[in-house]
Amino acid sequence: MISWREEFALGIPQIDEQHKKLFDIAERIYELFKDEFAIDKYDRIVELIEELKDYTIYHFKTEEEYMESIGYKKIFTHKIEHEKFVDKITNVDLTQVDENHDAYLLEILDFVVKWIEKHILERDKKIISG
């Protein structure tokens with residue numbers, strides 16, 4: 001499981017705190033996946049997906065406003081990546097979630113963890129390096 005490491009820090013306190021919150025949501029998805037005693041995880045999965053979607057929209061808005069404030073030149077392509085992430089989370093197939101909780105949780109978790117790590121280390125780091 002992915003967890004916050006100092007290498008993810010951008011040195012922008014508000015954005016770093018928001019990134020930590022994204023890691024927290026991913027960790028809660030993982031904990032639900034591991035919970036072998038929860039029989040019907042559907043409602044909790046839907047709640048976590050909604051929380052993830054709402055929080056990423058909020059976070060991306062903050063990040064994009066910051067990029068605008070410093071005149072970041074690659075903001076357009078950065079926004080497109082944000083939009084693709086939100087689209088993926090928004091278009092979760094709830095029928096699949098209901099049919100196979102654990103498989104779908106694992107798929108969501110894999111997507112979120114890989115995306116967060118890659119996006120922060122490869123894209124967000126460029127914000128601070130120019």
* Asked: Looking only at heavy atoms, what is the nearest atom pair of Lys125 and Ile128, with distance?
  -> O-CG1, 3.1 Å
* Structure fact -> The residue among Glu64, Lys21, His19 that forms side chain to side chain contact (heavy atoms under 4.5 Å, CB included) with His59 is His19
* side-chain contact (heavy atoms from CB on, under 4.5 Å) evaluation trace for Thr56 with Ile89 -> CA-CA 10 Å; Thr56 53; Ile89 299 302; 5.5 Å; no
* Asked: Is Asp16 reaching over with its side chain to a backbone N or O of Gly11, donor-acceptor style, under 3.5 angstrom?
  -> yes
* Asp35 and Arg44, any side-chain heavy atoms less than 4.5 Å apart -> no
* To do: In sequence, state the C-alpha distance, the side-chain angles, and the governing distance for Arg5 and Glu117, and then conclude on salt bridge (Lys or Arg N to Asp or Glu O under 4.0 Å).
  => CA-CA 10 Å; Arg5 299 184 309 266; Glu117 184 172 71; 3.1 Å; yes
* Asked: Out of curiosity, Thr62 OG1 to Met67 CE, how far, rounded to the nearest 0.5 Å?
  -> 10.5 Å
* Determine, step by step, whether Tyr66 and Tyr72 satisfy the ring pair (Phe, Tyr, Trp, His ring centres under 6.0 Å) criterion, reporting the C-alpha distance in whole Å, the side-chain angles of both residues, the deciding distance to 0.1 Å, and the verdict. => CA-CA 9 Å; Tyr66 177 79; Tyr72 183 63; 9.1 Å; no
* Ion pair Asp24/Arg28, N-O distance below 4.0 Å -> yes
* Structure fact -> When rounded to the nearest 0.5 Å, the distance separating CD of Gln14 from CD1 of Ile12 is 9.5 Å
* **From CD (Glu83) to OG1 (Thr90), nearest 0.5 Å** => 11.0 Å
* Should the pair Glu31-Lys34 be classified as a salt bridge under the 4.0 Å nitrogen-to-oxygen rule? -> yes
* **Lys88 side-chain N/O to Ile108 backbone N/O, donor-acceptor pair under 3.5 Å** => no
* Is the backbone N or O of Phe33 less than 3.5 Å from a side-chain atom of Lys41, with the two atoms forming a donor-acceptor pair by type? -> yes
* Structure fact -> Sorted by chain and residue number, the side-chain contact (heavy atoms from CB on, under 4.5 Å) partners of Glu122 (sequence neighbours excluded) come out as Lys118
* State which residues pass ring pair (Phe, Tyr, Trp, His ring centres under 6.0 Å) with His78; sequence neighbours excluded, sorted by chain then number. => His82, His119
* Determine, for Lys79 against Glu68, whether the closest basic-nitrogen to carboxylate-oxygen distance falls under 4.0 angstrom. => yes
* Leu52: which of Ile57, Leu22, Val92 passes side chain to side chain contact (heavy atoms under 4.5 Å, CB included) -> Leu22
* Asked: Is there a donor-acceptor contact under 3.5 Å linking the side chains of Ser3 and Glu27?
  -> no
* Asked: Can you name the closest pair of heavy atoms from Ala26 and Leu109 and give their distance?
  -> O-CD1, 3.4 Å
* Asked: Can you say whether the rings of Tyr58 and Tyr55 are parallel (under 30°), tilted (30 to 60°) or perpendicular (over 60°)?
  -> tilted
* Asked: How many angstroms lie between atom CG of Leu48 and atom NZ of Lys53, to the nearest 0.5 angstrom?
  -> 13.5 Å
* **Counterpart residues, side-chain contact (heavy atoms from CB on, under 4.5 Å), relative to Thr95 (two or more places apart)** => Asp93, Glu99
* When you look at Phe23 and Val113, which way does the side-chain contact (heavy atoms from CB on, under 4.5 Å) test go after all the steps? -> CA-CA 8 Å; Phe23 283 95; Val113 166; over 6 Å; no
* Okay, side chain of Asn91, backbone of Asp87: is any donor-acceptor separation there less than 3.5 Å? -> yes
* Asked: Going from CD on Glu51 to CD1 on Ile29, what distance comes out if it is rounded to the nearest 0.5 angstrom?
  -> 8.5 Å
* Asked: With a cut-off of 6.0 Å (strictly less than), are more than 12 heavy atoms of other residues, nucleotides or ligands near NZ of Lys20?
  -> yes
* Tell me, with the steps shown, if Ile45 and Leu94 meet side-chain contact (heavy atoms from CB on, under 4.5 Å). => CA-CA 9 Å; Ile45 294 169; Leu94 296 179; over 6 Å; no
* Structure fact -> Interatomic distance, CD1@Ile120 vs CH2@Trp115, rounded to 0.5 Å, equals 8.5 Å
